[in-house]
> 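Before I ask anything, here is the structure I am working with.
Below, chains carry the letters A, B, ... as their sequence lines are ordered, and counting in each starts from 1.
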Amino acid sequence: MDSLDIVVRLAWLVGAAGFVIGLMRMNSPATARNGNLLSAAGMAIAIGGTAVLLAARGDAGVTAWIIILAGIALGGGLGLYTARTVKMTAMPQLVSLFNAVGGGAAALIAIDDYIRLASAQTLLPNSIPLEVSVPTVLDIVIGGITFTGSLIASGKLMGVIPGKPIKVPGGQLVTVALAAVVAVAAIYLWLGNVSVPILFVIIAASLTFGVTMVLPIGGADMPVVISLLNSFTGTAVAMAGFVLGNDVLIIAGALVGASGAILTKLMADAMNRSVINIMIGGFGGGEGTVAAGGPEGGSVRSLGVDDAAIQLAYAQNVIIVPGYGLAVAQAQHAVRELADLLEQRGVNVSYAIHPVAGRMPGHMNVLLAEANVPYPQLREMDDINPEFERADVALVVGANDVTNPAARRAGTPVSGMPILDVDHARSIIVIKRSMGRGYAGIDNELYVNPKTGMLFADAKQGLADLVAAVKAL
Amino acid sequence: MDSLDIVVRLAWLVGAAGFVIGLMRMNSPATARNGNLLSAAGMAIAIGGTAVLLAARGDAGVTAWIIILAGIALGGGLGLYTARTVKMTAMPQLVSLFNAVGGGAAALIAIDDYIRLASAQTLLPNSIPLEVSVPTVLDIVIGGITFTGSLIASGKLMGVIPGKPIKVPGGQLVTVALAAVVAVAAIYLWLGNVSVPILFVIIAASLTFGVTMVLPIGGADMPVVISLLNSFTGTAVAMAGFVLGNDVLIIAGALVGASGAILTKLMADAMNRSVINIMIGGFGGGEGTVAAGGPEGGSVRSLGVDDAAIQLAYAQNVIIVPGYGLAVAQAQHAVRELADLLEQRGVNVSYAIHPVAGRMPGHMNVLLAEANVPYPQLREMDDINPEFERADVALVVGANDVTNPAARRAGTPVSGMPILDVDHARSIIVIKRSMGRGYAGIDNELYVNPKTGMLFADAKQGLADLVAAVKAL
Amino acid sequence: MSEALLAALTVFVLAILCGFAVISKVPATLHTPLMSGANSIHGIVLVGSMVIAASAHDPLSQILSFVAVAFATMNVVGGYVVTDRMLQMFRRKPAAAPAEKAEGKG
Amino acid sequence: MSEALLAALTVFVLAILCGFAVISKVPATLHTPLMSGANSIHGIVLVGSMVIAASAHDPLSQILSFVAVAFATMNVVGGYVVTDRMLQMFRRKPAAAPAEKAEGKG
Ligand SMILES: NC(=O)c1ccc[n+]([C@@H]2O[C@H](COP(=O)([O-])OP(=O)(O)OC[C@H]3O[C@@H](n4cnc5c(N)ncnc54)[C@H](OP(=O)(O)O)[C@@H]3O)[C@@H](O)[C@H]2O)c1
Ligand SMILES: NC(=O)c1ccc[n+]([C@@H]2O[C@H](COP(=O)([O-])OP(=O)(O)OC[C@H]3O[C@@H](n4cnc5c(N)ncnc54)[C@H](OP(=O)(O)O)[C@@H]3O)[C@@H](O)[C@H]2O)c1
């Protein structure tokens with residue numbers, strides 16, 4: 001091992017360390033951005049080192065360099081462009097897309113490696129040791145599933161593919177069949193047989209599996225699915241590392257595989273679902289905005305814009321509770337305008353952010369931050385809940401389940417989900433279009449609370465009206 | 001590498017994994033004990049594997065086995081006995097003792113290894129490569145410092161050595177001189193010279209350094225010092241791993257080295273000291289229970305046992321605030337007795353545990369748990385602080401600094417230390433012997449608060465009197 | 001089982017443990033950025049793609065490795081940029097006491 | 001720098017990172033037990049001590065390795081036992097809702 005080797009290997013190690021420390025720092029808002037940059041620096045070092053190695057070794061011919069540079073130019077361009085231009089709320093589907101290509105790349109490495117070995121060995125049995133064939137197959141299977149799975153997930157979030165669960169004809173049967181095929185083929189290769197056609201059977205089966213796995217899952221559960229597939233890609237990359245005998249791939253891959261798994265669990269917990277239950281499709285995807293009469297036992301009080309405006313303008317403390325409806329209506333700027341107006345009048349305004357308000361974790365923060373709402377005004381649930389008691393008005397904008405007191409009782413679809421204690425506020429104003437239900441598809445007792453006034457309107461429109469009305473005071 | 005090698009190496013890997021997962025689980029009270037057992041299991045596997053390896057290899061003669069087994073019997077016996085019999089409050093010094101022997105063992109490995117090499121090489125220059133000499137020297141230096149340093153720390157906590165800072169004649173000079181000697185000697189060896197005498201110079205200097213490093217530090221800061229030395233031992237063990245080329249030593253050592261460092265910082269933060277500032281001796285060690293007149297501007301109201309008993313007996317909510325005085329007076333059982341008595345009378349009682357109440361982190365939990373106070377009644381500071389408002393009586397037993405409102409102002413020795421909001425309680429009863437000061441050596445404004453009544457007594461005696469008085473009601 | 005494989009396995013296990021340990025109690029706000037951040041990290045597969053590209057001689061290998069490189073680079077570049085955009089959100093007003101508080105929670 | 005050393009270094013770095021990551025926001029209550037727990041772990045030095053003892057032939061080596069083994073074992077056994085004693089403290093009443101709460105904090 002000459003000194004160049006050593007230097008490059010050390011560079012890879014430094015890169016890997018960068019990833020770990022970067023992730024650590026991304027655990028808290030204060031250091032998160034710096035953590036991401038750190039991780040990026042690690043990546044740069046690792047890739048730079050590789051380039052130096054290839055150049056110095058000179059085993060990369062002109063064509064090879066053209067391939068590499070062209071590939072980098074193309075991929076880099078696409079990545080940069082899409083990442084720069086995507087709308088805040090469309091980010092999850094983009095992440096899913098990047099995840100797909102990552103998994104794809106990992107699979108391609110194993111495929112290419114296997115084909116080469118196979119041709120070199122001119123198909124002698126046992127010519128490919130288990131040490132190689134096992135990670136190769138795993139890489140291809142996991143990478144393949146991730147590739148198509150992530151594409152579907154992305155498509156669902158983009159709306160290219162309908163978000164609602166799509167039953168695959170044959171359903172479970174197909175899945176089981178595919179799994180069986182993969183298993184048999186894998187064992188065949190592990191027994192020492194060398195066969196490219198069989199490899200392609202595995203590839204095809206894995207790709208199909210990815211599709212059938214994700215199609216039946218509802219759009220609302222996609223964040224969790226994407227996170228899971230992200231963890232898969234990590235594992236696939238680690239396998240690629242074993243195939244190539246490259247430590248940095250193994251480290252980074254395993255790191256993402258493991259942390260991704262934890263993260264997936266955290267996400268699922270945050271919407272009190274279990275990952276399993278999501279993968280086999282629970283109540284996910286019921287975007288039920290079914291217009292429904294007021295919940296039995298309790299009359300709904302509807303409120304005029306002017307009354308609402310007066311309540312807000314003369315309040316001491318107002319807490320705004322944004323929900324999915326705000327996102328749908330793209331009303332983030334409107335709500336900020338109203339908040340600013342109130343603050344000018346000396347009302348102090350803060351936003352109560354429920355961890356799973358909207359349809360992806362952090363959805364509300366992303367939205368409101370896009371409208372430049374100052375971070376300090378965004379308050380985590382546990383942080384603000386005690387303050388509802390002191391709030392004169394809680395203004396609920398397009399939020400439903402996350403405010404439903406039913407969650408405190410057992411036996412409802414939202415039971416056990418921590419909620420915002422909106423009902424502790426002195427008075428409550430709810431802006432939504434109708435008595436329609438939320439994601440969980442149940443009525444909200446908050447709306448029949450005597451303290452509650454309903455302002456029926458599209459969030460954006462309703463807020464605009466309020467701004468006008470407050471100005472008019 | 002034959003299959004036995006592989007099995008043993010895998011066993012070591014499993015052991016290492018056990019350590020990491022064990023530590024993870026020790027991060028939360030619920031899983032902590034199980035985590036420790038897991039780590040112990042990992043240790044058993046690693047050691048068992050080693051024994052098997054040695055046995056199968058047969059390179060260990062009869063004498064070797066006698067040495068090993070005798071050593072294990074002796075060390076194990078001592079460890080088991082001391083650990084079983086030590087009093088709860090004496091645990092830190094014992095941990096420090098175990099830490100000392102651990103560091104010692106690590107150093108001995110390197111010493112032995114070096115002497116063998118030296119004699120084998122019959123002292124040819126450059127016969128010992130840097131790869132060996134660097135970790136060897138580091139191991140010996142760090143291990144040596146830890147050995148004596150931990151012994152001193154332990155001695156101070158046991159009271160064998162006076163707890164108050166002891167100025168070393170020559171002070172800083174000696175330290176610097178020793179450091180210089182070590183540095184020169186180390187470089188001499190790294191330059192390729194082989195010399196056992198020089199090695200012994202290093203050993204001697206390191207051992208002395210350990211002593212001069214810890215002597216000047218006050219007893220109250222020992223928890224932090226012990227934690228720091230603990231992290232040192234980890235590093236020494238990792239170095240021993242490099243010397244022997246043994247992965248499991250490297251992993252476990254590095255793990256402890258790093259986690260120990262973080263833990264040390266957390267501990268120091270908890271008593272808002274900086275590690276540096278402790279090592280060069282800050283206000284640490286001032287166990288100033290100097291009797292002092294009531295703080296200027298404010299009269300002290302002293303309270304009779306019976307009045308106190310009545311207040312407690314007819315209260316709704318009582319929060320007990322234990323402090324160092326409770327530990328000194330060994331009053332944990334007395335306080336529990338009082339609490340039970342009150343609970344029987346329908347008062348609900350909880351304990352407010354300040355992170356640094358007493359003289360070691362967790363001191364109060366350890367004490368109260370010894371008296372079988374049910375864990376749920378022990379409430380972390382952040383958890384209970386909001387509840388003082390609702391407390392009819394806050395009963396402060398031998399606590400001082402952790403209740404001192406002065407901490408909320410800048411410019412006092414306790415400034416910035418988070419405190420228990422005892423002064424928010426409707427009324428306050430303080431049991432202590434006098435107006436004496438606490439660790440920080442300043443007066444406590446709480447004691448001159450009109451809501452406060454002082455019950456001057458030794459904690460144990462005072463509590464006993466209260467129990468009697470409450471029973472008498 | 002070769003020495004090399006054993007070493008690789010050791011590294012693999014340690015990295016997994018790091019992965020488990022590194023994600024502590026994260027505020028839900030950070031779930032999406034964290035996911036995105038982890039997503040960029042597996043872009044490291046670019047290193048592997050470059051390596052195979054360097055030794056690709058037949059057309060098939062060349063095509064495969066070209067696609068691999070392009071894919072991987074997209075993952076790397078896009079991943080880090082989009083993550084950074086998400087995180088820019090967390091910038092806050094100059095003097096923001098409450099922010100510190102919020103961080104405390106984080 | 002040999003292949004072996006590089007591998008060892010990789011493992012070393014990863015283990016350090018694990019160590020940093022593994023200690024998250026721990027309640028102060030657990031500081032002492034955690035310290036004690038970590039303390040027991042470096043008792044792994046017993047493995048090293050056994051190895052040198054096995055190959056100790058001259059009296060000096062034998063004495064050194066004997067002491068090393070004894071020291072290390074004391075560290076291991078004592079460490080785990082005392083840690084366990086500290087942690088037994090955290091057992092709680094059968095039906096203890098608040099305990100759950102307290103854990104949440106942990
Ligand atoms: N955050 C995540 O990661 C995530 C992921 C998956 C699922 N979920 C689930 O999603 C739910 C989130 O709760 P949420 O309260 O934010 O939303 P929600 O419970 O889904 O309710 C959204 C409400 O917004 C109203 N709305 C829709 N369009 C609107 C518009 N243009 N203007 C005004 N209002 C409009 C709807 O009522 P109208 O039709 O009457 O207007 C609907 O009741 C939770 O159940 C959570 O578990 C969250
Ligand atoms: N926990 C840790 O890890 C750690 C480590 C090092 C330093 N510290 C520091 O130690 C302090 C801990 O605060 P604290 O409030 O627990 O204790 P403290 O501030 O040291 O006060 C203890 C008080 O207990 C009283 N006392 C002593 N013996 C007594 C007895 N036999 N009966 C009744 N009362 C007795 C003393 O007053 P009288 O003399 O009037 O009785 C003294 O004022 C903090 O400053 C902390 O930073 C903590």
> Please report the C-alpha distance between T83(D) and R33(B) in whole Å, then the side-chain angles of each, then the deciding distance to 0.1 Å, and finally whether the side-chain hydrogen bond (donor to acceptor under 3.5 Å, both in side chains) criterion is met.
CA-CA 8 Å; T83(D) 310; R33(B) 194 175 175 194; over 6 Å; no

> Identify the heavy atoms of T32(D) and M267(B) that sit nearest to each other, and give their distance.
N-CE, 4.3 Å

> Give the minimum heavy-atom separation between G76(B) and T73(D), together with the two atoms involved.
N-CG2, 3.6 Å

> Non-hydrogen atoms of chain D under 4.5 Å away: do they reach the side chain of T85(B), the backbone, both or neither?
backbone

> Check whether I44(D) gets within reach of chain B through its side chain, its backbone, both or neither, counting any heavy atom under 4.5 Å.
both

> Between I111(B), T233(B), V248(B), which shows the greatest number of heavy-atom pairs under 4.5 Å with chain D?
T233(B)

> In terms of heavy-atom proximity below 4.5 Å to chain B, should V47(D) be classed as side chain, backbone, both, or neither?
both

> Need one label for F19(B): side chain, backbone, both or neither, based on atoms under 4.5 Å from any heavy atom in chain D.
both

> Looking at every heavy atom in both V22(D) and S259(B), which two are closest together, and how far apart are they?
CG1-CB, 4.1 Å

> With a 4.5 Å cut-off on heavy-atom pairs, point out which of L74(B), L244(B), L78(B), L23(B) contacts chain D the most.
L23(B)

> As an exercise, state the distance from CD of E131(B) to CG of L9(D), rounded to the nearest 0.5 Å.
10.5 Å

> Between S36(D), S61(D), A4(D), which residue shows the highest count of heavy-atom pairs closer than 4.5 Å to chain B?
S61(D)

> With respect to chain D, which residue among I21(B), T63(B), V95(B) yields the maximal number of heavy-atom pairs within a distance under 4.5 Å?
V95(B)

> Top residue by heavy-atom pair count (under 4.5 Å) with chain D, among A60(B), A73(B), G260(B), A83(B)?
A83(B)

